[in-house]
Amino acid sequence: MIKLKNINKRALVFLTLVLFTSLQAGAGSMSFHDFDFTAIEGGILSTRDFSGKAVLVVNTASFCGFTKQYGALQELWEKYRDRGLIVLGVPSNDFGSQEPESENKIKKFCETNFSINFPMTAKAKVKGKDAHPFFIWAREQVGVVGSPKWNFHKYLIGPDGQLLDWFASTTKPDSIKVKKAIEKALN
């Protein structure tokens with residue numbers, strides 16, 4: 001009876017180790033294409049629809065000092081969309097409460113002030129334990145230093161769904177650094 005208890009404990013430890021290892025392997029094999037968002041118009045925005053395309057994911061806010069970056073994001077979208085770039089705006093109220101409006105008002109603001117027609121999601125949390133699962137995954141990929149510290153943080157996703165690079169809020173979408181990274185992702 002004592003040996004049986006020891007065997008059960010060993011088996012339990014072994015199974016726990018196997019399960020933990022497989023969970024880690026599964027988490028490492030995730031990609032951007034494993035996450036869905038809610039579209040700003042409502043309904044599911046499936047990132048699987050972006051498979052084979054590069055995606056620039058940007059957490060946005062309408063009342064931020066960086067809000068003028070919307071214009072440069074629209075220009076990137078217009079310049080590169082035929083080559084396979086998706087610009088995805090993710091409105092968030094996480095920093096300075098600078099996105100307090102409803103999705104309808106956000107959409108209208110973006111269309112009226114910046115002629116935005118790239119895809120946007122419903123408002124989402126981008127920081128903390130309640131962040132959208134994509135932002136939790138991205139933080140795990142790049143660490144705390146590469147996670148959003150403010151509005152208009154940018155993540156560049158490759159056509160295979162892997163995170164290629166990140167750019168701080170202060171890095172303008174039309175900067176040489178961002179454009180070079182996009183060009184590389186599209187080639």
*Does the side-chain contact (heavy atoms from CB on, under 4.5 Å) test come out yes or no for Val55 and Leu85, once each step is laid out?*
CA-CA 6 Å; Val55 182; Leu85 176 70; 5.9 Å; no
*Might you confirm whether atom NZ of Lys149 has over 12 heavy atoms from other residues, nucleotides or ligands at distances under 6.0 Å?*
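For Lys149, atom NZ is crowded (more than 12 foreign heavy atoms under 6.0 Å).
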*Could you go through the side-chain contact (heavy atoms from CB on, under 4.5 Å) check for His153 and Tyr155 one step at a time?*
CA-CA 7 Å; His153 184 90; Tyr155 287 116; 3.7 Å; yes
Shortest non-hydrogen contact between [X] and [Y], atoms and distance:
X      : Y      : answer
Val58  : Lys154 : CG2-CG, 3.7 Å
Cys64  : Asn151 : SG-ND2, 3.4 Å
Ala124 : Val90  : CB-CG1, 3.8 Å
Val142 : Ser147 : CG2-N, 4.2 Å
Trp77  : Pro119 : CH2-CD, 4.1 Å
His33  : Pro159 : CE1-O, 3.4 Å

*Close side-chain approach of Thr121 to Leu88, heavy-atom, < 4.5 Å*: yes
Would you please classify the geometry between the [Y] ring and the [X] ring as parallel, tilted or perpendicular, with 30° and 60° separating the classes?
X      : Y      : result
Phe32  : Phe134 : perpendicular
Phe37  : Phe135 : perpendicular
Phe109 : Phe63  : tilted

*Would you mind checking if Lys123 and Glu103 are paired as a salt bridge, meaning a charged N to carboxylate O distance below 4.0 Å?*
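So Glu103 does not pair with Lys123 through a salt bridge.
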_I'd like to know if Lys125 and Asp94 make a salt bridge, using a cut-off of under 4.0 Å between side-chain N and carboxylate O._
yes
*State whether the side chain of Asn93 and the backbone N or O of Gln98 hold a donor-acceptor pair below 3.5 Å, judged by distance alone.*
yes
*Does anything in residues 164-178 pair up under side chain to side chain donor-acceptor pair (under 3.5 Å), and if so which pairs, sequence neighbours excluded?*
none
*Can you tell me which residue pairs pass the side chain to side chain donor-acceptor pair (under 3.5 Å) test with a partner in residues 47-59, sequence neighbours excluded?*
Asp36-Arg48
*asked:* Under the rule for ring pair (Phe, Tyr, Trp, His ring centres under 6.0 Å), what residues qualify as partners of Phe152, not counting sequence neighbours?
replied: Tyr70
*Looking at residues at least two apart in the chain, or sitting in another chain, which of them share a ring pair (Phe, Tyr, Trp, His ring centres under 6.0 Å) with Tyr80?*
none
_Residue pair Glu99 / Ser62, side-chain donor-acceptor N/O under 3.5 Å_ =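 Judged by distance alone, the side chains do pair up.
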*Please round to the nearest 0.5 Å and tell me the distance separating atom CG of Leu163 and atom CZ of Arg139.*
13.0 Å
*To the nearest 0.5 Å, how far apart are OG in Ser31 and CD in Gln141?*
9.5 Å
*Set of residues satisfying salt bridge (charged side-chain N to carboxylate O under 4.0 Å, His left out) with respect to Glu183, sequence neighbours excluded*: Arg83
*What residues, two or more places apart in sequence or in another chain, satisfy side chain to side chain donor-acceptor pair (under 3.5 Å) together with Gln74?*
Glu78, Asn117
_For a side-chain contact (heavy atoms from CB on, under 4.5 Å) check, start with the C-alpha distance between Ile182 and Leu156, then their side-chain angles and the critical distance, and finish with the verdict._
CA-CA 8 Å; Ile182 289 170; Leu156 181 61; 4.2 Å; yes
_Same cluster (ILVMFWY, side-chain, under 4.5 Å), Val57 and Ile136_ =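 Different hydrophobic clusters.
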*From CA spacing to verdict: side-chain contact (heavy atoms from CB on, under 4.5 Å), Ile86, Leu56*: CA-CA 6 Å; Ile86 302 292; Leu56 187 66; over 6 Å; no
